[in-house]
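Below is one structure; the comments refer to it alone.
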Amino acid sequence: MIALVGMPGGGKSTVGKQLARQIGVPFVDSDHEIEQRIGGSIRPFFERHGEDAFRDIETEVIAELIARAGECVLATGGGAVLRERNRELLHNGAIVLYLRSTPEDLFRRLRHDTTRPLLQVRDPLAKLRELHQQRDPLYRRCAHYVLESARPSVHALVNMALMQLELAGLLDPARVAATVGAEPL
Ligand code: S3P
């Protein structure tokens, strides 16, 4: 299993879907699995039952996915690394890639977002800076590799991920559909 961690808006789902397609394995989104379980979307659940209740379900879902999902690309929620248990589960059960972006880039992408409960505040950029500062060390601790690039395109990020996995000997190049590194970063 390859797991993607990082801040909301950093491209985990978009990159994850394309990476999975390139490698030829299923794509799984832990937020989507959580929504199936709670029978609705995350924001109202979060507002009604609080962050702790959400985090409890998140831990259960991550543990189950690690145990049963097999070969796949897993996109996690931005706060999945907050609990040590989740970091351990992910680090020991998957190859973890941290998609790292600056709070300013994330803000550009998430300015109009209404789905993320933590960002429904008066100053979302300040919130993103605070979350980034708090979480960056946790993402790093959980991840095996950090993928970082200034305002990267999805295509570039997917290629960076493929290249990193190949260099580490974790991916058979013959399995990869596209030419890695075809586009300069
Ligand atoms: C959260 C990020 C969301 C979702 C929930 C909490 C967070 O996932 O899990 O709203 O704490 O940053 P994305 O990173 O996919 O937005």
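Both counts, for ligands and for their atoms, begin at 1 and track the order of listing. Just so you know, residue 1 is the first one in the sequence shown, and it goes up from there.
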task = Considering heavy atoms of the protein only, find what lies nearest to atom 10 (O) of ligand 1 and give residue, atom and distance to 0.1 Å.
result = Pro117 CD, 3.3 Å
task = Using a strict 4.0 Å threshold on nitrogen-to-oxygen distance, state whether Glu51 and Arg55 make a salt bridge.
result = yes
request  = Please write down residue, atom name and distance for the protein heavy atom closest to atom 4 (C) of ligand 1.
outcome  = Asp31 OD2, 3.3 Å
key: Identity and distance of the protein heavy atom lying nearest atom 16 (O) of ligand 1   = Arg116 NE, 2.7 Å
key: Nearest-0.5 Å distance that lies between atom CD in Glu130 and atom CG in Leu118   = 9.5 Å
task = Name the closest protein heavy atom to atom 12 (O) of ligand 1, giving the residue it belongs to and the distance to 0.1 Å.
result = Arg135 NH1, 2.7 Å
For Leu118, atoms of ligand 1 separated by under 4.0 Å from a heavy atom = 7 (C), 11 (O)
ask   = Any idea which part of Leu131 is under 4.0 Å from ligand 1, heavy-atom wise: side chain, backbone, both or neither?
value = neither
inquiry  = Looking at Asp56 and Arg83, is any side-chain nitrogen of the basic one under 4.0 Å from a carboxylate oxygen of the acidic one?
reply    = yes
task = Decide, yes or no, whether a salt bridge links Arg109 with Glu104 under the criterion of side-chain N to carboxylate O below 4.0 Å.
result = no
ask   = What are the two closest heavy atoms between Leu99 and Leu157, and how far apart are they?
value = CD2-CD2, 4.2 Å
ask   = Does anything in residues 131-142 pair up under salt bridge (Lys or Arg N to Asp or Glu O under 4.0 Å), and if so which pairs, sequence neighbours excluded?
value = Arg100-Asp136, Asp136-Arg140
key: Residue selection (non-hydrogen contact nearest atom 6 (C) of ligand 1) among Lys127, Arg55, Glu51   = Arg55
key: Short N or O distance, Thr76 and ligand 1, threshold 3.5 Å exclusive   = no
task = Answer side chain, backbone, both or neither: which part of Lys12 comes under 4.0 Å from ligand 1, heavy atoms only.
result = side chain
For the student: nearest non-hydrogen atoms of Val81 and Gly78, plus distance = CG2-O, 4.3 Å
Protein residue, atom and distance nearest to atom 2 (C) of ligand 1, heavy-atom basis = Gly78 N, 3.4 Å
request  = May I ask you to decide if Val28's main-chain N or O and Glu33's side chain share a donor-acceptor pair within less than 3.5 Å?
outcome  = no
query = Can an N or O of Thr115 be found at a distance shorter than 3.5 Å from an N or O of ligand 1?
reply = no
ask   = Quick one: which ligand 1 atoms are inside 4.0 Å of a heavy atom on Pro8?
value = 12 (O), 14 (O), 16 (O)
